[in-house]
Amino acid sequence: MEFTLDVQPPFSLQSILHSHGWIQLASFVSDAPYQEFNYTHQLNNNRVTAWHVRQEGSALLVNTDGQINGAEKAEISEKLAWMLDLDRDLSNFYAVAHQEPKLAHVVDKAAGRILRSASFFEDTVKTILTTNTSWSGTKRMVQTLVDLYGRPLPGDPARRAFPTPEQLAEVDMEALRLQAKLGYRAPYVSELARRVASGDLDLETYKSSTLPTQALRKELLAIKGIGTYAAANLLMLLGRTDYIPIDSYALKVVSEEFHDGVPVKPADVEAAFERFGEWKGMAFWFWDYAN
DNA sequence: GGTAGACCTGGACGC
DNA sequence: GCGTCCAGGTCTACC
């Protein structure tokens, strides 16, 4: 079944898919140069569906496998709007970016929206799996979680949805450690899944939270496995752009960009983008680094 | 509040 | 093929 979603220009699906590495993680499937994508997802009624999304002019064309009913279409539309950051007003950021040559490309490419997964639970697990490992390790761990515990797409069992909190909560922690090879991250993911599945923690409310960023950050830091880098990364995914996710990559690029390759500390990364205020994280994220 | 060490895996490297 | 070293954030214990 095919339907369309209207988008407000400036808009570029390709720029969203290039916004960070999420497009390379299951259950996204897309090939470079990332102009369209497939996503497999378990809906609220537990039906597993696959979506193919591409842009045509100022509209997004969505194709689902098989027929969907009205409620399913509404859920898919709502989730795609979240995933593609469709409701984001970037005019103030563009005004700032227009004045900075290293950010001018953002305006030219209609960039600035950041790709998300359908649920904040999925993004939180994925963020935990980016910590203290290589990117190839992150991709492997996410793919393994999907392959082992995600529900398959009817008619194509090779395609699976990212497991729900309830499905992951049922998995033995040692299986997460040894079969999924999450290593020491296994208890973090297990505890998170159990808390969400039991209702102790409602991560999805963070999407529309009115808490000040600092208070929201405090709540994220209270989750086991989420430290300063991961919290800042999640805040960016929530549209809160005043913290910088400082990891070894950030230290490297800021060292090369602003300090002639001399090693820097987190405070130096903050200082480099301090002048962008509420857009500090966006300026760091979309900066046109020389190398 | 700041710091050291442990955690786990894959990849690079030397033999 | 095997062993060693290193990179990558967070947590905990300790000062």
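All heavy atoms count here, side chains included; hydrogens, waters and symmetry mates do not. Note on naming: letters A, B, ... go to the chains in the order of the sequence lines (proteins, then strands), and numbering restarts at 1 for each one.
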Engineer: Report the distance from atom CD1 of Ile226(A) to atom C1' of dG9(C), rounded to the nearest whole Å.
Structural biologist: 10 Å
Engineer: May I ask you to check whether Trp51(A) and Phe3(A) place their ring centres under 6.0 Å from each other?
Structural biologist: no
Engineer: Relative to the 5' end of DNA chain B, which residue comes earlier, Gly137(A) or Asn132(A), by the nucleotide with the nearest heavy atom?
Structural biologist: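 Looking at the nearest nucleotide for each, Asn132(A) comes out on the 5' side.
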Engineer: If you take the centroid of each ring, where Trp contributes its six-membered ring, are Tyr243(A) and Phe273(A) closer together than 6.0 Å?
Structural biologist: no
Engineer: Please confirm whether any donor atom in the side chain of Tyr229(A) sits under 3.5 Å from an acceptor in the base of dG8(C), or the reverse.
Structural biologist: no
Engineer: Closest to the Ala230(A) side chain: dT10(C), dG11(B), dC8(B)?
Structural biologist: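 Of the options given, the side chain of Ala230(A) lies nearest dT10(C).
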Engineer: Measure from the side-chain heavy atoms of Arg140(A) and tell me the nearest of dG9(C), dG10(B), dG8(C).
Structural biologist: dG10(B)
Engineer: Enter the inter-axis angle for the ends of the helix from dG1(B)-dC15(C) to dC15(B)-dG1(C) (five pairs per end, rounded to 10°).
Structural biologist: 30°
Engineer: When you get a sec, tell me which of dC7(B), dC11(C), dT9(B) is the closest nucleotide to the side chain of Tyr188(A)?
Structural biologist: dC11(C)
Engineer: Would you mind telling me which of dG8(C), dG10(B), dC8(B) lies closest to the side-chain atoms of Arg177(A)?
Structural biologist: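 Of the options given, the side chain of Arg177(A) lies nearest dC8(B).
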Engineer: Given dT12(C), dT9(B), dG8(C), identify the nucleotide with an atom nearest to the side chain of Lys224(A).
Structural biologist: dT12(C)
Engineer: For the pair Lys280(A) and Glu270(A), find out whether any cationic side-chain nitrogen is under 4.0 Å from an anionic carboxylate oxygen.
Structural biologist: yes
Engineer: Indicate yes or no: does Glu100(A) engage Arg275(A) in a salt bridge with an N to O separation below 4.0 Å.
Structural biologist: yes
Engineer: To the side chain of Ser248(A), which of dT10(C), dG10(B), dG9(C) is closest?
Structural biologist: dG9(C)
